[in-house]
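Just so we're on the same page: letters track the sequence lines, and every chain starts at 1.
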Amino acid sequence: MNRIDRRFAALKAAGRTGLIPFVTAGDPSPEHAVALMHALVGAGADLIELGVPFSDPMADGPVIQHASERAIAAGVGLADVLGWVAQFRQQDPDTPVVLMGYLNPVEIHGYVRFAQEAVQAGVDGALLVDCPLEESAVLAPLREAGLKQILLAAPTTAPERLAHLCKAAEGFLYYVSFAGITGAARLSTTDIAARVADIRSHASAPVAVGFGVRDAESAKAIAGFADAVVIGSALVERLAGATSAAEIAQRVQAFLAPIRTALDAR
Amino acid sequence: MPDIRDFHAYPDEHGRFGRFGGSYVAETLMAPLAELTEAYLRLREDPAFIAELDRDLTNYVGRPSPVYFAERLTKHVGGARILLKREDLNHTGAHKINNTVGQALVARHMGKTRIIAETGAGQHGVASATVAARLGLKCVVYMGAVDIERQKINVYRMKLLGAEVVPVTSGSKTLKDALNEAMRDWVTHVADTFYIIGTVAGPHPYPLMVRDFNAIVGREARAQLLEQYGRLPDALTACVGGGSNAMGLFHAFLNDRAVRIVGAEAAGLGLASGHHAASLAAGRPGVLHGNRTYVLCDDDGQITETHSISAGLDYPGVGPEHAFLKDAGRAEYVGVTDDEALEAFHLLCRTEGILPALESSHAVAQAIKLAREYPKDGLVLCNLSGRGDKDVHTIAAREGVEV
Ligand SMILES: Cc1ncc(COP(=O)(O)O)c(C=O)c1O
């Protein structure tokens, strides 16, 4: 069993909602990238989504765009990100790590090489935003190496397609809560709840909801019907400019702890 | 690469030109792209739509554009006859209008009320603002902050036409970033918004649709040459930014194997300098802006910043059909430097009284090189994609002249 499946099974058994923070790898500081991952776990993360910086993040809002730009300017590349996961794994053998990013860095690195190195580093899954199911034949080496292919579903996804996506979903299905880019805030929990119910009628995989979750209140609303919530832009924004490992850990704790509490109080 | 019998059979139903093209977009855009593909494939075969488009191309754009024998330029060069397909004479001054007229009609048929577009040189932005004004649609144009600075006249033209011009300050603040930002707008307003992409790039069906709307250029030129010269040209050339004017000229000739096809990319300060925008001549296969194609990127897969004196060629990707034609060996892609383009610009001004766009000047420079390779009775057909009024300030500044 993969770490992702194990983690969701454990959450289900405990009746808890998963907390999935997203951070851009190497932001706010490449030096403290591994410390940041440990801090996330320390503050209650059940799974870490680690963004691989890309120069042209078409699906991201300004907060993650800028984080990506800062990381690239600091010289962060895919090899660094894989190195950090390997280092993280030395102390944390259990928390699943999913790399999230765009196709070009992986394509240029080479799919087979990426798959081998990622598995070796201890990566559990990959969510490549600009690689929809229709184009995912190129990702075969990743699946063969044992990486879970995390798929997105969106409010615009048509019913037949949704059924299709649900069937192909591995690890968990990531439901994008509104049609837009990361970091915008337009949550309508009733709509999302209805869509998630739809997804559940097709999917056996757990459902994580992301885009627009910013705080304890919005997380708690989502937790009523999702297996996990993803929090990205609001966290990345909070971390920007932090310079020491202690400051990073302190900001992570201050931001995530109330969310963890709200999820557990459900 | 297998031997290809019919170049007109591409793309396939997934928008693939061999291994290039496709739809590499986030899930949220899959539905609007499917809706667009369905609408476009239907309209493409609809005689009423075709008649409507033809009427607009004739009465509004001013087609057909002439093929002009540049006699004094030819004499000056001393090689084969150079023929210019005069897209610079179109309404708004470039080939871009062929595409925006077509896409605006598609938008109207789909009931969309808001047009968005990205632009580099501003020509596509102007052409989009133009058709939006004509159809009474709201228009928002995304433009890199750097490009806004170097194409001020076109920014003002767009505003006069009623469009809102939004400066893009992310990334390199040029065309590629404007495209990212337009995609972000589209994903946020999918219900009422139609995204008019300005070149043969982007996800399926854009490379197909934009090529179709510009293919009128090559269809006309092919018939004009047969009529006026009784034969096909020896060689074709056009500048390649995203590749729409080039694809427009090339498409009708793809199955005429004896016709040589050469695309001129922006070599900027020279291919060896690293400061250029020659994705085909110097890039590698990758994924950018929704399709697999040749891109300029580093070993980490980060798209690199490009350089060209012409904003319209300053793009690190290229339409997937060009990538396909390159790998199939059907077309050659070569670099033309800033200096070569400027020299051709002045030469065309002085020998023919035609002031070409800086983009098109790259094609003229390549046509001159080609003309030297063929005998005097040879024919080299060059797409003069646009006029240079918009570039007068850039050229004056570069030559230290105040205007
Ligand atoms: C006159 C002219 N020619 C060529 C181009 C380059 O675009 P494409 O390669 O799509 O024809 C532009 C783009 O702005 C242009 O304005």
At a 4.5 Å cut-off on heavy atoms, which part of [X] comes close to chain B: side chain, backbone, both, or neither?
| X | value |
| --- | --- |
| A:Glu134 | both |
| A:Ile72 | side chain |
| A:Pro62 | neither |
| A:Val138 | side chain |
| A:Leu151 | neither |

Donor-acceptor under 3.5 Å ([X] side chain, [Y] main chain):
| X | Y | answer |
| --- | --- | --- |
| B:Glu27 | A:Ala154 | no |
| B:Arg184 | A:Asp60 | yes |
| A:Asn104 | B:Gly301 | yes |
| B:Gln302 | A:Pro105 | no |
| B:Asn180 | A:Met58 | no |
| A:Glu69 | B:Gly171 | yes |

A:His164 NE2: over 12 foreign heavy atoms closer than 6.0 Å: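 At most 12 heavy atoms, drawn from other residues, nucleotides or ligands, come within 6.0 Å of this atom.
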Compare every heavy atom of [Y] with every heavy atom of [X], then report the nearest pair and how far apart it is.
| X | Y | answer |
| --- | --- | --- |
| B:Ala31 | A:Thr156 | CB-O, 3.1 Å |
| B:Ser170 | A:Gln65 | CB-OE1, 3.3 Å |
| A:Pro132 | B:Val25 | CD-O, 3.5 Å |

Please flag which part of [X] lies under 4.5 Å from any non-hydrogen atom of chain A: side chain, backbone, both or neither.
| X | result |
| --- | --- |
| B:Ser23 | both |
| B:Leu288 | side chain |
| B:Asp299 | backbone |

Test log, rule side-chain contact (heavy atoms from CB on, under 4.5 Å), inputs B:Val287 and A:Tyr102 | CA-CA 9 Å; B:Val287 175; A:Tyr102 294 79; over 6 Å; no
Check ion pair A:Glu135-B:Arg16 (N to O, under 4.0 angstrom) |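 A salt bridge links A:Glu135 with B:Arg16.
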- Within-4.5 Å side-chain heavy-atom neighbours: A:Asp56 and B:His289: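 Yes, side chains in contact.
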task = Identify which of A:Ile108, A:Val106, A:Val52 forms the greatest number of heavy-atom pairs closer than 4.5 Å to chain B.
result =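 Highest number of pairs under 4.5 Å: A:Ile108.
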